[in-house]
Number of protein chains: 6
Amino acid sequence: MRIDGREANELRPVSITLNPNKYAEGSVLIEFGDTKVLCTASVEERVPPFMKGQGKGWITAEYSMLPRATQVRNQRESAKGKLTGRTMEIQRLIGRALRSVVDLQALGERTITLDCDVLQADGGTRTTSITGAFVALALAVHKLNGANEFAKYPITDFLASVSVGVIGDRTLLDLNYDEDSKAKVDMNVVMTGTGKFVEVQGTGEESPFSREEFNALLASAEAGIASLIAKQRDALGLMGSRIGTARV
Amino acid sequence: MRIDGREANELRPVSITLNPNKYAEGSVLIEFGDTKVLCTASVEERVPPFMKGQGKGWITAEYSMLPRATQVRNQRESAKGKLTGRTMEIQRLIGRALRSVVDLQALGERTITLDCDVLQADGGTRTTSITGAFVALALAVHKLNGANEFAKYPITDFLASVSVGVIGDRTLLDLNYDEDSKAKVDMNVVMTGTGKFVEVQGTGEESPFSREEFNALLASAEAGIASLIAKQRDALGLMGSRIGTARV
Amino acid sequence: MRIDGREANELRPVSITLNPNKYAEGSVLIEFGDTKVLCTASVEERVPPFMKGQGKGWITAEYSMLPRATQVRNQRESAKGKLTGRTMEIQRLIGRALRSVVDLQALGERTITLDCDVLQADGGTRTTSITGAFVALALAVHKLNGANEFAKYPITDFLASVSVGVIGDRTLLDLNYDEDSKAKVDMNVVMTGTGKFVEVQGTGEESPFSREEFNALLASAEAGIASLIAKQRDALGLMGSRIGTARV
Amino acid sequence: MRIDGREANELRPVSITLNPNKYAEGSVLIEFGDTKVLCTASVEERVPPFMKGQGKGWITAEYSMLPRATQVRNQRESAKGKLTGRTMEIQRLIGRALRSVVDLQALGERTITLDCDVLQADGGTRTTSITGAFVALALAVHKLNGANEFAKYPITDFLASVSVGVIGDRTLLDLNYDEDSKAKVDMNVVMTGTGKFVEVQGTGEESPFSREEFNALLASAEAGIASLIAKQRDALGLMGSRIGTARV
Amino acid sequence: MRIDGREANELRPVSITLNPNKYAEGSVLIEFGDTKVLCTASVEERVPPFMKGQGKGWITAEYSMLPRATQVRNQRESAKGKLTGRTMEIQRLIGRALRSVVDLQALGERTITLDCDVLQADGGTRTTSITGAFVALALAVHKLNGANEFAKYPITDFLASVSVGVIGDRTLLDLNYDEDSKAKVDMNVVMTGTGKFVEVQGTGEESPFSREEFNALLASAEAGIASLIAKQRDALGLMGSRIGTARV
Amino acid sequence: MRIDGREANELRPVSITLNPNKYAEGSVLIEFGDTKVLCTASVEERVPPFMKGQGKGWITAEYSMLPRATQVRNQRESAKGKLTGRTMEIQRLIGRALRSVVDLQALGERTITLDCDVLQADGGTRTTSITGAFVALALAVHKLNGANEFAKYPITDFLASVSVGVIGDRTLLDLNYDEDSKAKVDMNVVMTGTGKFVEVQGTGEESPFSREEFNALLASAEAGIASLIAKQRDALGLMGSRIGTARV
C-alpha cells in the first residue's frame with residue numbers, strides 16, 4: 001500500500017470545477033489530490049507574428065507556481081527577472097500537447113492562451129495542468145462555437161496526462177510529491193481519447209531502466225489516462241460532444 | 001443607487017476563508033465582491049541582510065495578478081522580465097502597512113513574507129490584499145506563538161484597508177472596477193483597530209479636490225474600515241484575542 | 001527651533017534658476033536648501049502608442065538620483081539593470097501630478113517628458129522635483145505657444161508640492177534629510193494654485209496618526225505650498241501669465 | 001532511399017576528434033554528418049552551493065549554437081539577454097543524461113562542466129552533443145585519474161544518444177535537418193552501454209502515434225546507439241577501459 | 001576660422017569649479033565650452049573582490065549622460081535596463097587612464113569611484129570627464145592625506161585629455177559637437193604632466209589617415225593637454241603640490 | 001629570443017582556411033598561433049532601422065569567446081544575461097574597422113554581419129578577428145558579385161590588424177597571452193592595404209609611454225600588417241582581385 005493508501009494503479013481523487021473565473025473564455029480549477037491548478041483559456045483575435053497570413057490559429061500555454069504553492073516558499077520568477085528552465089520546459093510541453101488535438105486551420109486566425117497557475121503543488125503539476133488546460137480550452141472553443149458556428153470543429157480529440165514512476169521495484173501511477181522525490185524512474189505521458197501517444201518523457205537519472213520497466217510504465221499510464229478522459233467527458237457533458245467529430 | 005445596487009457607504013459582500021493552503025504558516029482567501037485574493041504568510045527563521053544583528057524581525061510583501069485576473073489578459077511580469085511600477089508600489093504599500101502594527105523587536109529575528117496573489121480583479125485589489133494579508137499574518141503569528149510563547153505579542157493592533165472615491169458629486173465606498181474607472185478622485189486608506197491612520201493615498205489626477213471632499217472621503221473610509229475589522233475579528237475568533245494586548 | 005534654525009512652518013531657502021540647459025525646451029535648476037534638482041522638459045511631436053489617434057497630448061516624468069547625490073554613494077540603476085520601486089513610485093507620482101493641471105486636449109498630439117535628476121539630496125527630493133518640473137513644463141509650453149498660439153492655453157493651474165511630518169509632537173514643514181529620518185509620520189502633498197489637493201500621501205509606518213495630527217499636517221502643507229507657488233509666479237513672471245486662463 | 005542516400009536504419013558518417021582544445025581537461029569535436037559540435041569538459045575543484053558538504057561531485061552542461069550554425073542566422077542569446085526555452089531544455093537534458101552514468105560520490109567534491117557549442121547544425125544537435133560530451137567527460141575523468149587514482153572509477157557506463165522519427169510511414173534513424181522538419185513523430189533516445197534507457201522523449205505534435213510505431217522507433221534507436229557506443233570505445237581506446245568497471 | 005571663432009589649435013574656454021557637491025570626498029564641475037560634466041570622487045574603505053588581500057587600492061569610474069544633455073533626448077540606460085557599448089567603453093577608458101597615475105600600493109586597501117555625469121554635451125564628453133575626474137580624485141586624495149598622512153603620495157603625476165580631429169585638411173583641437181560630426185578622423189589622447197602618453201585612440205572610420213596626419217594630430221593634442229594641466233594646477237593650487245613628488 | 005622562439009618583429013604562424021561553414025555567405029577559420037577564430041559573414045537583404053531609406057548598406061560585427069577558449073573557463077554572457085564591456089568594445093571596433101574599407105553606397109541596401117567566435121584564445125583575439133573577418137567579408141561580397149555584378153565594387157581596400165607591445169624595453173609584434181599579460185604598453189593597430197591607419201588604440205595603464213616608444217610600436221605594426229595582408233591576398237587569390245579597383 002502506498003503512503004496515502006492508494007493501490008499502485010490508482011489515481012488520486014480528481015476534481016474538475018468549471019468556470020471559477022468570470023472573465024476568461026474558459027476556466028477550470030483542477031485538483032489531483034492536493035495538487036491544485038487554476039487553468040484559464042484566453043481568446044485573442046490575432047496570431048503571433050510568425051503565424052501571420054497563414055489563415056491558421058495558434059494555441060500557446062504559460063505555467064507558473066505561486067510562491068507558496070510548495071512546502072518551502074520559492075522566489076517569484078518575476079522578481080528574479082527570468083523564467084527558470086523548468087518553467088519554460090513545462091509550458092512548452094503544455095502548448096505542444098494541446099496543439100496536437102487542435103486543427104489550427106479550423107480554429108481560424110485567433111490565439112488561445114492557456115494559463116496554468118499552480119495554487120498548491122503536491123507532485124504532478126505538469127500533468128494536472130495539461131489535463132485541466134484541455135478542459136479550459138474545450139470550454140473556450142465551445143463558447144466560440146456558440147457565437148460563430150465552426151464549419152469543422154477545431155478540437156479533434158480528448159487529451160489528458162499522467163505521471164508514472166518506479167519506486168523500489170513497483171510501478172506507481174500519479175505520484176505525489178513524496179513519491180516523486182523517491183522515484184528512480186519518472187515518466188510523464190500525454191495521450192488522446194483514441195489512445196494515441198502525444199508525448200512520452202521518461203527519465204532515469206537515478207537509475208537507467210529496462211525495456212520491460214518501460215512497458216509496465218506505459219501500460220499503467222494508459223489506464224490512468226483513460227480514466228482521466230472519462231472524468232473530462234463527464235465534466236464537459238454536452239459541451240464536449242463535438243470534440244473529435246471532424247477528425248483530421 | 002450604485003451599479004450593483006449598493007448604497008454609497010456600503011461595502012461589497014466580504015468573505016474570509018482561513019487556511020486554504022496546506023503548506024503556508026497562515027493563509028487566507030479573501031473576497032471583496034468579485035475581487036478575490038489568495039494571501040499566504042511564510043515564516044523564515046532569518047532576516048534580510050540590512051536587518052542582520054539587530055535582534056529584530058522583518059515583514060515584507062509581494063503582490064501579483066494572475067494574467068487573466070482581469071477582463072483582458074495581461075502579460076506576466078515574469079515573462080516581461082521585470083515588475084511594473086504599479087506592482088512595486090502596491091507591494092511596498094502592503095509591507096509598510098503591515099509593519100505599522102507589528103512590534104519587530106517582539107517578533108524576533110525572523111521574516112514573514114505575505115504573498116498576495118490576485119485570482120480575480122474587480123477593483124480594490126490593494127485594499128483587499130492588505131485586509132487579507134493582515135489575517136494571514138495573524139494566523140502565522142498565532143501559530144508561532146503556539147510553538148514558542150512570545151513574551152510580548154508581536155501584533156499590536158488590527159489593520160484593514162478600503163478604497164473610497166468621488167463619482168460625479170457622490171462619495172462612494174469600496175469601488176468596483178467600473179466605478180474606479182469613472183472616479184475623478186480615488187483614495188486608499190489604511191487604518192488600525194484603534195482608529196488611527198496608517199496610510200492615506202488620495203489622488204485627483206482627473207480633478208483636484210477640495211478639503212471638504214477630502215473630509216467626506218475620510219469619514220466614509222473610517223466607517224468602512226471599522227466594519228472590515230469587525231469581520232477580521234469574527235474570522236480569527238480566539239486566534240485574534242492577543243492582538244494589541246501589549247501595545248507599543 | 002529646528003536643527004537648521006528654522007521655525008516649524010518655515011520652508012528652506014528656495015531658489016529657481018531658469019533654463020540652465022541650452023537644448024531643452026524648458027529647464028530649471030531648483031533648490032530647496034541643499035536639495036538640488038535639475039528639471040528639463042523635452043517636447044516630442046508624437047504620443048505613446050496607448051494615446052494614439054485621440055487628438056490628445058501626454059505628460060510623463062522620469063526621476064533619478066546621481067550616485068553621489070547622497071551621503072553614501074548609491075549604485076546606479078543603469079548598472080543594476082533595473083529601476084527600484086522607489087524610483088518608479090516617484091516618477092509615476094510626478095507625471096500624475098503634472099497631468100492634473102494640463103488640458104491634454106488643448107496640448108495637442110505631443111508628449112512632454114519631464115526629467116528630474118537629483119544632483120544633491122537633502123530630503124524632499126520628490127516634492128522639489130514636482131515644484132521644479134512644473135516650472136520647466138511652463139517654460140516649454142510658453143515656448144510652444146510662441147511658435148504656435150494655442151487656442152486654449154494647456155496649463156490650467158499652478159502646481160507645487162511640499163513634505164510635512166511629525167517629529168515628537170511637532171508638525172514640521174519641508175523636512176530635510178535628518179528630520180525625515182526621525183519623523184514618525186511623513187506626508188507629501190501636491191496642491192494647485194487655486195488651493196485644491198492633487199495628491200496626499202501620508203504614511204505612519206513608525207506610528208499611526210490621528211485625525212487631528214492629519215489636519216495639522218494638511219494646514220502646514222497648505223501654507224507652504226501657497227508660498228512655493230508665489231515663488232514660481234515670480235520666477236516665471238509674464239511667461240506664467242496665461243496659466244489657468246482657460247480653466248477646464 | 002533517403003535524401004542523402006542512406007538506408008532507414010543507417011547513421012550519418014560519425015567522426016570523433018579528440019582534444020582539439022589545448023586548455024580544456026577534455027575536449028571533442030564530434031560530427032554526425034554536417035552537424036558539428038565542439039564539446040569541452042572543464043574541471044573545477046568545488047561544487048555549486050546546493051551540493052556543498054555532501055562529499056559528492058556535480059556534472060552540469062551548457063549548450064549553445066553559434067549564430068550562423070544554421071541556414072538563416074540566429075540572434076545570439078547573449079545579445080537578447082536571455083536563454084531561450086529550447087536551449088535550457090537541451091542543456092538540462094545533457095546534464096541529466098551524463099549524471100546517470102557518473103557515480104558522484106566516487107567523483108569527489110568537484111564539478112565538471114560540459115560545454116557543447118554547435119559550430120554547424122544539420123539536425124540532431126542535442127543527440128550529437130550528448131554523444132560527444134560523454135567522450136569529453138571520459139577524457140577529463142581519465143586525466144583526473146592519472147593525477148589522482150580514483151578508489152572507484154566514477155564513470156559507470158558508456159552513454160550515447162540518437163534521434164529517430166516517422167516520415168510518412170517509415171521509421172528513420174538519425175534525422176538530418178530536412179527530415180526533421182518533415183517528421184510527424186520525433187523522438188530522442190539516450191541509452192547506456194549496457195542497453196538501458198536513460199531518457200526517452202517522444203513527441204507527436206503533428207500526429208499522435210500508436211504503441212506499434214513507438215516500439216519500432218525504440219528498436220531503431222537501440223541499434224543506432226549500440227553503433228555509436230562502439231565508435232566511442234574505438235575513439236577512447238585504452239582511456240575508456242575502466243569505464244563501468246565498478247558499476248554502482 | 002572655426003565655427004565658434006577659435007583658431008585650429010585653440011581650446012574652448014575651460015572652467016573648473018571645485019567641490020560643488022557637499023557629500024563627495026572630492027567633486028568638480030568641469031566645462032569645456034558648453035560641455036558640462038559633474039565629477040565626484042567617492043572613497044570606500046574596501047576593494048572589489050578581485051583585489052582583496054593584495055594590500056592595494058582600486059580606482060574605477062562610471063560615466064553617464066543625463067537624458068537631455070543632448071540636442072535630442074536620449075532614453076535613460078536605467079530604463080533600457082542596460083548600459084550601451086559606448087558608455088561601457090568610455091567608463092573603462094576613464095578608469096584605466098586614472099589608474100595610470102595612481103600608485104595603488106601607496107593608496108592602501110580602499111576604492112575611489114569617479115562618477116562622471118554629463119549635464120550638457122557639446123562634444124568631447126570623455127576627454128572633459130577624464131580631465132575633471134583627475135581633479136576630483138586629487139581633491140579626495142588630498143582630503144584622505146589630511147586625515148592620514150600617506151607615507152608615499154599615491155598620485156604620481158597630473159593627467160588630462162583632449163580630442164583632436166581632421167576636418168577637410170585641417171587638424172583641429174578640442175572638437176565641439178558640430179565639428180565632431182563632420183570629422184573624418186577623430187582621436188582622443190590622454191597624457192601625463194610629464195608629457196607621456198597614457199591612451200591614444202584614433203579612428204578613421206570615414207577615411208583612413210596617413211602617418212603625417214597622425215603626427216600632426218599628436219602634436220596638437222600634446223599642446224592642448226599641456227594647457228589643460230596648467231589649468232588643473234591653478235585650480236588645485238597647494239592641494240596639488242604633492243602630486244608626483246614620489247614618482248614610481 | 002621570445003618565449004616561443006620568435007624574433008621581436010615576427011608574427012606567429014598564420015593560417016587562413018576558407019569556407020569551413022556550409023551555410024554562411026562567407027566564412028573563415030583564422031589562426032594566429034594558438035588563437036583560433038571562426039568568422040562568418042551573413043548577408044541579409046535589409047538594413048537596420050537607423051539606415052533605412054538611404055540606399056546604403058551596413059556592416060556590423062559580433063564577437064564572442066567560447067567559455068573554454070581560455071585557460072580558466074569563463075561564464076557565458078548568455079547565462080549572465082548581458083554582454084561585458086570588453087565584448088562590446090571589441091565588436092564595435094571590428095564593425096568600425098571593416099566599414100572603413102566598404103563603400104556602403106556601392107553595397108546597396110543590405111546588411112553583412114560578421115560573427116567572430118573565438119574557439120581558442122592565446123592573445124590577440126581582436127586583431128585575429130579583424131583580419132579573419134575581412135576575408136569572410138571579401139568572400140561574401142565576391143559571392144554577391146557573382147549573382148549580381150556590382151557597378152562599383154564595394155570593398156575599397158584590404159584591411160588587417162595586429163597587436164604590438166612593450167615588454168621591458170623591447171617592442172614586440174603579435175603578442176601571445178603570456179606576453180600580453182606582462183606588457184606595460186599594449187597597442188592594437190588596424191591598417192589598409194595602401195598603408196593607411198584605420199584604428200590605433202594604445203594604452204599604457206601600467207606605464208605611460210614616450211613618443212619614441214610610440215613610433216617604434218607603429219613601425220613594427222606597419223610591417224606586421226603588410227605581411228598579414230599578403231597572406232590575405234594569397235588566400236583570396238582571384239576572389240580578391242577586384243578589391244580596391246574602384247577606390248572612393
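Order of the sequence lines sets the chain letters (A, B, ...), proteins ahead of strands, with each chain counted from 1. All of these numbers come straight from a predicted model, not from anything done at the bench.
Between chain B and the options A/Lys82, A/Lys36, A/Gln120, heavy-atom pairs under 4.5 Å are most frequent for A/Gln120. Interface summary for chain A: among B/Pro20, B/Ser64, B/Ala121, B/Ala24, the most heavy-atom pairs under 4.5 angstrom belong to B/Ala24. Chain A forms more heavy-atom pairs under 4.5 Å with one residue of B/Glu62, B/Glu44, B/Glu77 than with any other, namely B/Glu62.
Neither the backbone nor the side chain of B/Lys80 comes within less than 4.5 Å of any heavy atom of chain A. Using a 4.5 Å cut-off between heavy atoms, A/Asp34 touches chain B through its side chain atoms alone. The contact between A/Ser42 and chain B is made by backbone and side chain atoms together, counting heavy-atom distances below 4.5 Å. For A/Glu25, the parts sitting under 4.5 Å from any heavy atom of chain B are the backbone and the side chain alike.
Taking every heavy atom of both residues into account, A/Leu119 and B/Asn21 meet most closely at O-ND2, 3.9 Å.
Taken from CG in B/Leu38 to CG in A/Asp117, the straight-line distance is 11.0 Å, to the nearest 0.5 Å.
A/Glu7 CD: 12 or fewer foreign heavy atoms inside a 6.0 Å radius. Atom OH of B/Tyr177 has 12 or fewer neighbouring heavy atoms from other residues, nucleotides or ligands inside a 6.0 Å radius.
At a heavy-atom separation below 4.5 angstrom, chain A is approached by B/Leu66, B/Pro67, B/Arg68, B/Ala69, B/Thr70, B/Gln71, B/Arg73, B/Arg76 within residues 65-76 of chain B.
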